[in-house]
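To keep things clear, I will list the structure first and then write my remarks on it.
Worth knowing before you read on, the calculation uses all heavy atoms, side chains too, and leaves out hydrogens, waters and symmetry mates. First the proteins, then the strands, lettered A, B, ... as listed; each starts at 1. As the structure is a prediction and not an experimental result, all values here were calculated from the model.
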Protein chains: 2
Amino acid sequence: MKQITKHNIRNSLRRIFLYHGLLVRLNTMGVTRVFSYTLAEGAGVTPEQVRKDFSEYRIRGNRRGGYLTVTLLSEMETLFNRDRISNVILVGMGNLGQALSKYGQFIQRGINIVASFDIDPYKQKARADSNVYPPGRLQEIIERFRVTIAIITVPDISAQEVCNDLVNMGIRGIVNFSPVLLKVPVYVVVNNVNLSDEIESVVMSVSRMKEE
Amino acid sequence: MKQITKHNIRNSLRRIFLYHGLLVRLNTMGVTRVFSYTLAEGAGVTPEQVRKDFSEYRIRGNRRGGYLTVTLLSEMETLFNRDRISNVILVGMGNLGQALSKYGQFIQRGINIVASFDIDPYKQKARADSNVYPPGRLQEIIERFRVTIAIITVPDISAQEVCNDLVNMGIRGIVNFSPVLLKVPVYVVVNNVNLSDEIESVVMSVSRMKEE
DNA sequence: TATGTTTTGTGATTTGTTTCACATTAACAC
DNA sequence: GTGTTAATGTGAAACAAATCACAAAACATA
Ligand SMILES: NC(=O)c1ccc[n+]([C@@H]2O[C@H](COP(=O)([O-])OP(=O)(O)OC[C@H]3O[C@@H](n4cnc5c(N)ncnc54)[C@H](O)[C@@H]3O)[C@@H](O)[C@H]2O)c1
Ligand SMILES: NC(=O)c1ccc[n+]([C@@H]2O[C@H](COP(=O)([O-])OP(=O)(O)OC[C@H]3O[C@@H](n4cnc5c(N)ncnc54)[C@H](O)[C@@H]3O)[C@@H](O)[C@H]2O)c1
């Protein structure tokens, strides 16, 4: 386990998630047809950008007629592989782990957190209805639910170790909330999310704006 | 309030946050001197990239001698405006809001969550020690603590409305966890963090890798 | 069926970012 | 001191992303 991989999804794809979010809202509002400028406005980009992004992923509209909301939604969802629900596990039932596991809207995004793990026995039995297990049962549950994706919300010191175990048990995608850059083999996808960085970058931008 | 702004901090700066995280760890491990390739290895980039990034922000090392850990740390912290602690408020004490407000390590990053707000009276008095207030007291507390940064963790329907109020009360930087792209005036910085997208992008990348 | 209008789709161009290549400098050995 | 080596720092080159400009398609209207 030597190689590091930087996942970093393409900006175009990140924007497509954004367009998708807008579309869902427009769709529930009864909008049946959208144009590149509709999405561009909502996403804060240019209409050309929207079309170029679609072009990259072979998403087509009707010239003059724009895009049908439902068609666009289903094309995007195929792209996201959202035709099936993905089983996901979560390791580390602390503050953040519990918040994520209680969030009810992941399922609408095709994300199903089937089980959580913690070394703390108190957290394992915190609630009878929540599926919190000791790490010893990882292998069993990963196999039972055919899980390939894991969310890591353990303290920084444990993160790399937990990661190594998960990879050895067949996990191929990791969302890492601990503030360490995980080292994984090339065939594993990692997305490092650092909430402190996200907040601090805003603090910094504001301080700099004030100076000018 | 018409203009939308896309915050999007420079990639180079985002990487500097990464280097900083590594440095803090190396420093506590007793490492006094680092080289561009030390940081590059940990951050998953090339050494040239590290030096170019430093160059952009006028951070200098010693040729042949690399960089002194402590000097580098303090130079970065000046860059981040971390010489002073920033007071931040949080609106929406649900799952995510509570997780964030309980996190003990923001203060090490110069982020101090001085107060939280919720419309739910039960959450306002959930714990005597935690400073949770009704939104009616926003103005008062923003002024008292000279707050310019807010974290939004309310449901999507309320997000834009809360945002508008905050901007009117003097907030100039927002970290938004709700899945809507907030519209703000140009002089306000917004960082939209969408946790569902972060997870889903990994699910998608893994599905695609399996296909190939 | 022809004509005008609207909007897509995409090469060509511009702008931005990363990598390369090497001159420059500091540390160290002798 | 002087030479050798190991690092930085940065223009130049290569690459990637965004914008521009316009041809192609779809539709409405007559
Ligand atoms: N909570 C936040 O707002 C926040 C913000 C930024 C970063 N983070 C990062 O996210 C991670 C989680 O944060 P948190 O506040 O939830 O921490 P926490 O301490 O509340 O929770 C960590 C949990 O992981 C469990 N754990 C530890 N080692 C484990 C192991 N080997 N296997 C399984 N479980 C294990 C602990 O028992 C605990 O329940 C940390 O790395 C933290 O730095 C959190
Ligand atoms: N929890 C997660 O893991 C997660 C994941 C992805 C996205 N999000 C998003 O983050 C946001 C918060 O998520 P959550 O799970 O904590 O939701 P939640 O429903 O648990 O909490 C929302 C809180 O906001 C409060 N609130 C509502 N309107 C308000 C107002 N106008 N002023 C002040 N407070 C108000 C509610 O009383 C509640 O306590 C949501 O927009 C959600 O979509 C959360």
Name of the residue among A:N194, A:L181, A:L182 meeting side chain to side chain contact (heavy atoms under 4.5 Å, CB included) with A:N176: A:L182

5'-most by nearest nucleotide on DNA chain D - B:Y37 or B:K52: B:Y37

Touch class at under 4.0 angstrom, heavy-atom based, for A:Y67 against every strand present: sugar-phosphate

Touch class at under 4.0 angstrom, heavy-atom based, for A:S36 against every strand present: sugar-phosphate

Contact state string [nucleotides 21-30 of chain D, B base, S sugar-phosphate only, - no protein heavy atom under 4.0 Å]: B-BBBBB---

Phosphate OP1/OP2 of D:dG9 contacted by B:S55 side-chain N/O (<4.0 Å): no

A:N131 and A:I141: CA distance, side-chain angles, deciding distance, side-chain contact (heavy atoms from CB on, under 4.5 Å) verdict: CA-CA 11 Å; A:N131 305 316; A:I141 286 161; over 6 Å; no

For B:R144, all residues meeting salt bridge (charged side-chain N to carboxylate O under 4.0 Å, His left out), sequence neighbours excluded: B:E140

ring-ring contact (aromatic ring centres under 6.0 Å, His included) contacts touching residues 188-210 of chain B (sequence neighbours left out): none

Qualifying ring-ring contact (aromatic ring centres under 6.0 Å, His included) pairs, either residue in residues 78-102 of chain B, two or more places apart: B:F17-B:F80, B:H20-B:F80

In whole angstrom, give the distance that lies between atom [atom1] of [X] and atom [atom2] of [N].
| X | N | atom1 | atom2 | result |
| --- | --- | --- | --- | --- |
| A:F54 | D:dA17 | CZ | C1' | 18 Å |
| B:Q49 | D:dA14 | CD | P | 18 Å |
| A:D53 | D:dA17 | CG | P | 11 Å |
| B:F35 | D:dT5 | CZ | C1' | 13 Å |

Aromatic ring pairing A:F35/A:Y37, orientation class (parallel under 30°, perpendicular over 60°, tilted between): parallel

CZ (A:R33) with more than 12 external heavy atoms under 6.0 Å: no

Between B:Q160 and B:N164: side-chain donor-acceptor atoms closer than 3.5 Å: yes

Of all pairs that satisfy salt bridge (Lys or Arg N to Asp or Glu O under 4.0 Å), the ones with a partner from residues 103-113 of chain A, not counting sequence neighbours: A:R109-B:D197, A:R109-B:E200

Chain B footprint on DNA chain C, 5' to 3' - any atom under 4.0 Å from a heavy atom: C:dT17 to C:dA27

